Amino acid sequence: MVLTLPIETRAPENTELRVVRLNGQPSDQTTMETVTSVSCAYCGFVRLSPRGDCVVLLGEFFREEQWLYAFGFLNTSQPENLQWYETEYPIDARFLVSTKIPTLAVLRRSAMDPKSEFHLSLIDANSKVERKADLKEWVDADRQEFLDIRDGRLSFAGTMIPGVPLPCAPPAPMLLGVSFGALLAKTESDMFIGLAFQQNRYERYIGFNKDKSEWTQYRFGPVKGDKYVSKVLAPWICYQIGWDYPEADIYGPARTGEWILRNFHNGEETSVYLDPDSDIYWTDGIHFIGRAGERLVSFRVDPAKGPAVVDAKPPFTAENLPYTRCMFFGPETKSVAVSAKEEGEESEVLPKQAVLERGFK
Amino acid sequence: MRTKHRCSRLAPALLILLSGLVVPFAEEADRPGLFAVTVRQLPTTLAKSVSHVAISKVETRFEIGDVPLPIERPLDELEGWDITGLDFVGQTPSGKYIVIAGEFDLNGSQRYGAMMLPISHPEKASFWTQSGVTAIRTLSTEDTYEIGAMLHANTDHPPQMLCIDPSTSLSRNVSLSEWNFVASDERIHVGSVVAIARPGMEQTPYPFVPPKDMLAETVAMALLRNDAKRVLLQRTSPATTDKKLHYFEYFKKTEAWKEYTAKGDASRSVVVMPWLCTRVGWTYPESDRFGPKFTGEWIFRNLETGSSDSFPFLLNAKSDLLASDTDMLYVRVRSALYEVPRRGDEFADRPERDWRTVVINEEMDNLRMLFWTAPASPKPVR
């Protein structure tokens, strides 16, 4: 069911999901325009499709004394047209990596019986048509999954598709001594897997290129930091380094501001220092856009030259950037970002031309 | 920002005065108000750091109707000096003077000395210096000579000590043992003799030494405060043996010692009377390179009441405590200065509801100290 929003009854503790666009040429006169805005109880979910052509976000609404959930689909070439699709509460939702049309795989389970089986359905982001699917299609979702060794094969662990083997098996020598693993990144052409001899410490990294049908063992070592988090921005996997300390469970890990960047397509590695409070949003493979504190930053990587250096002149500075979850480039010098922020806050985005002309010179 | 380098006016005086130099700056008295001491690190190729220390008037908020608005504008810099190796910023026990000590650039000539600013008229700063001065601190005394200067011309001669009356800038020789009454900012070595860790002081026993059982594992301590009522020490080496800071407090009236602790193996202490404030911090494997992890939690202990109770107070991790009085705490969070009202025995911890913005200014990032120029009753500052 496609909804017409805004829904009049507002949820308690509203959050504003806002899609904004920059107007004009890159200059101090650049203005920002909100193209779509809706208040809801935000579910913390924003995903960019693997091809960068679609963004989906999940809104939570309160109407007629009951909660309602809806996916908001945004075609990045028409960011004004945010379409909402009412849904049952999803356990998880991911884009499939192999489909030409952006397709969202939605995992659900009965709310009344948390031990019941999972159900999978696929939503065509263009037509908003939903169809039921076999749970095994979750294998194609762009998500990280724990793996284990079953009958000598790498198989999915966890509760969703346990025991389902990877579609392609790495050579046996690569798995020698391995007890656990994780599917860390997946694109239409690549799979990137970390292998562990002990739980949660990946010491060997292998990759599979579908185009070449070829397995590679990388020279990557373990990522430093015992509380790092990873983010996939294909063909890079970006590790935000963090460390444990006695109160890390309360206040979060000790972030150093350092990011380790690993290219799972060609095995290169580099790093960049941003800020303990930072994020990386976008890459074209060489250039990156991120946030260091409340500053929007850009940098270019060249692993042969060592750690990347943040451009001295950022595309522009902006307040409330920490609320931004996702960035992508829209049509022709117009750019959009999807931000989730408390009501009343501003968000910020940047035009591709602004970055290319100001930040990457 | 308006920057004045008043020290350049000293050049003629320097030519004729070799020691005990005192140069008052006579200016028209400004109206009473809130002033800030800011310390900004300057880019330099020197081995020692160079700081720009400034005294600035803080324009507090104005009101439109009943709506108070924070001011967003540059601070009005009253005085500013470039100081190499800034050594000390503090307030005299009487609360009447701010003292800033370090190597001042006086028209191209580097002189170690102290700038002394009357709280009531900070524009009337005076500079004191003398050959061979190596350290300047405030002293815990009821005397008007409430600033101490250590002189150590060369290693062949034992150090000497002077004390200075900031109201007259007169100085007099005193016994070196008087340095034991420094009010704060000293390190104390715990060995066969417990003494202030300065050359020449090794055999001068420090008069306020915790009982041996308290000092069992202690190698070095920091003097946080020595005032009329108490001496407060903190163990600095080993920093922690149990992931806690250890404090030793001596009550002069009862001649009793008390030990207490605060969590965090990289925590920092600051005394903002009447509070001992502990900024909780932790080490991690790369903290030597990136600095400790400060969680934003502060732990407060009221030194005046002697209460053994302490309470936590959660601030932004990039915040600092600047000053307090009976009912208010002044907190800097990034570039903003806030008033935090007291609520019962604790402070209001809901910024959006209870805090009031005093000023928003980028220079606030460098804020070191606040003081008020209300002449009749200067508020206590850190």
Side-chain angles (χ1 to χ4, degrees), chain A residues 12-16 200-201 221-229 239-260 271-279 291-295 306-307 310 312 314 317-323 341-346, chain B residues 43 67 70 72 239-246 261-268 278-299 310-320 332-336 349-353 357 360-362 364-366:
Chain A
E13 298 185 13
N14 269 330
T15 293
E16 189 174 334
N200 294 332
R201 181 169 174 80
V223 178
K224 69 175 177 181
D226 43 23
K227 287 263 183 179
Y228 62 80
V229 294
Y239 292 95
Q240 186 179 22
I241 304 305
W243 293 94
D244 198 8
Y245 61 93
E247 291 190 306
D249 289 343
I250 304 171
Y251 297 104
R255 300 253 179 253
T256 63
E258 186 179 16
W259 291 71
I260 305 286
S271 64
V272 65
Y273 179 81
L274 296 179
D275 185 278
D277 174 24
S278 57
D279 202 349
R291 174 179 65 80
E294 296 181 351
R295 218 164 51 97
V310 172
T317 56
E319 291 183 354
N320 303 310
L321 269 175
Y323 295 101
K341 55 214 169 301
E342 296 306 313
E343 199 166 11
E345 301 282 3
E346 294 298 322
Chain B
V67 181
E72 293 190 53
T240 61
T241 50
D242 49 6
K243 294 194 177 295
K244 291 177 180 174
L245 285 190
H246 285 248
T261 60
K263 68 179 175 182
D265 62 359
S267 296
R268 302 280 190 269
T278 306
R279 183 184 191 186
V280 178
W282 298 95
T283 60
Y284 54 91
E286 288 192 304
S287 54
D288 285 349
R289 182 180 169 201
F290 293 103
K293 166 69 179 182
F294 291 111
T295 63
E297 183 183 3
W298 292 71
I299 297 170
S310 60
F311 63 90
F313 185 60
L314 206 59
L315 288 172
N316 185 295
K318 294 181 178 177
S319 59
D320 200 1
R332 180 188 65 78
V333 181
R334 293 194 177 93
S335 301
D349 58 0
R350 295 278 299 273
E352 68 281 8
R353 190 186 67 186
T357 309
I360 299 171
N361 185 281
E362 283 187 5
M364 282 288 143
D365 289 345
N366 305 310

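The structure presented is a predicted model; accordingly, all values stated were derived computationally and were not measured. Any value given below was found using the heavy atoms of this structure, including those in side chains, with hydrogens, waters and symmetry copies removed. In the text below, chain A, chain B and the rest are named by the order of the sequence lines, each starting its count at 1.
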For the [atom1] atom of [X] and the [atom2] atom of [Y], what is their distance to the nearest 0.5 Å?
{"X": "A:T256", "Y": "B:Y284", "atom1": "OG1", "atom2": "OH", "answer": "6.0 Å"}
{"X": "A:E258", "Y": "B:E286", "atom1": "CD", "atom2": "CD", "answer": "6.0 Å"}
{"X": "A:Y251", "Y": "B:K293", "atom1": "OH", "atom2": "NZ", "answer": "10.0 Å"}

Task: Contact origin within A:I241 toward chain B - heavy atom pairs under 4.5 Å - done: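 For A:I241, side-chain heavy atoms alone lie under 4.5 Å from chain B.
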Open item on the list: With a 4.5 angstrom heavy-atom cut-off, is it the side chain or the backbone of A:D226 that approaches chain B, or both, or neither?
Closed with: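 It is neither, since no heavy atom gets under 4.5 Å.
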Open item on the list: If you define the side chain from C-beta out and look only at heavy atoms, does anything of B:V280 sit under 4.5 Å from A:E247?
Closed with: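 The answer is yes; the side chains approach within 4.5 Å.
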Open item on the list: Within the 4.5 Å heavy-atom criterion, are A:W243 and B:W282 side-chain neighbours or not?
Closed with: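 They are not in side-chain contact.
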Task: Atom group of B:S287 that falls short of 4.5 Å from chain A, counting heavy atoms - done: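 Looking at B:S287, nothing touches chain A.
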Task: Residue B:K244 excluded, over 12 heavy atoms near NZ under 6.0 Å - done: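 Incorrect, the count does not exceed 12.
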